[in-house]
Amino acid sequence: MAALIVQHRASAHRVLLLRRFSLQHVQKTKSSRADLPTSEPDNEHYMKNDWIGPPDKISNLRLVKFYVPLDESPLEKRYRLKRQETQEWCNKFWAKHNTEFNLAKKEFILQKTAERELRADEPLSADDMAEFYKQFLDQNHRAHMQFNWQWYKTHVSLLWPALCVAVIRLFK
């Protein structure tokens, strides 16, 4: 019994030590990050990898800020530019799509609200919204299929350059 109590106290002591050191680490990290400038051009100096940003307000995609190494080879540059071009294409498609979706949804809600003489703040049922979603997907099926095929073709075409760049970076 005494051995259990000693063991319990020792494990509790370890937990307290871990908490103390982890808190010190967090405080050191916070203070060292506070020294970094926050303006975008200055942050590029600190970039060592690609940075993933917050979701775009319209497309909902998390856009990547691509890292440009000082010793970037022509192949690496072409690969990075192709990735940026692909990201811009995807962002443009989804921004347009989501804008159209939101407009169609508002129109549908206004139409159903007027038909049923509901209050403006009263939400439609899940069945009503399911009708809208099905209708919207049916109307945009062709555009979605074209986007998917183009997305696959683009990303498959990026595989070979990605492999070549990975090999180059392996030997740097």
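Please read all numbers here as calculations on a predicted model, not as lab measurements.
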Is the distance from the ring center of Phe132 to that of Phe101 below 6.0 Å? yes
Would you compute the distance between atom CG of Leu75 and atom NZ of Lys77 and round it to the nearest 0.5 angstrom? 12.5 Å
Can the ring centres of His141 and Phe136 be said to be less than 6.0 Å apart? no
Compute the ring centroids of Trp94 and Phe147, then answer whether they are less than 6.0 Å apart. yes
Verify, without hydrogens or angle tests, whether Gln87 (side chain) and Val64 (backbone) share a donor-acceptor contact under 3.5 angstrom. yes
Taking C-beta and beyond as the side chain, do Gln111 and Glu115 meet within less than 4.5 Å on heavy atoms? yes
Between CG on residue Asn98 and CG on residue Asp56, distance to nearest 0.5 Å: 9.0 Å
Nearest-0.5 Å distance, CD of residue Glu107 to NZ of residue Lys112: 14.0 Å
Hits for side-chain hydrogen bond (donor to acceptor under 3.5 Å, both in side chains) against Asn60, two or more places apart or cross-chain, chain-then-number order -> none
Answer yes or no: is there a side-chain heavy-atom contact under 4.5 Å between Phe93 and Gln150? no
Sequence-distant partners of Tyr79, ring-ring contact (aromatic ring centres under 6.0 Å, His included), two or more places apart: none
Euclidean distance, Asn91 CG relative to Arg62 CZ, rounded to 0.5 Å: 13.0 Å
Just checking Leu159: does its CG atom have more than 12 heavy atoms from other residues, nucleotides or ligands closer to it than 6.0 angstrom? yes
Counting only heavy atoms not in Ile168 (residues, nucleotides, ligands), do more than 12 fall under 6.0 Å from its CD1? yes
Salt bridge (Lys or Arg N to Asp or Glu O under 4.0 Å): pairs with one or both residues in residues 155-172, sequence neighbours excluded: Asp71-Lys172, Glu76-Arg169, Glu76-Lys172
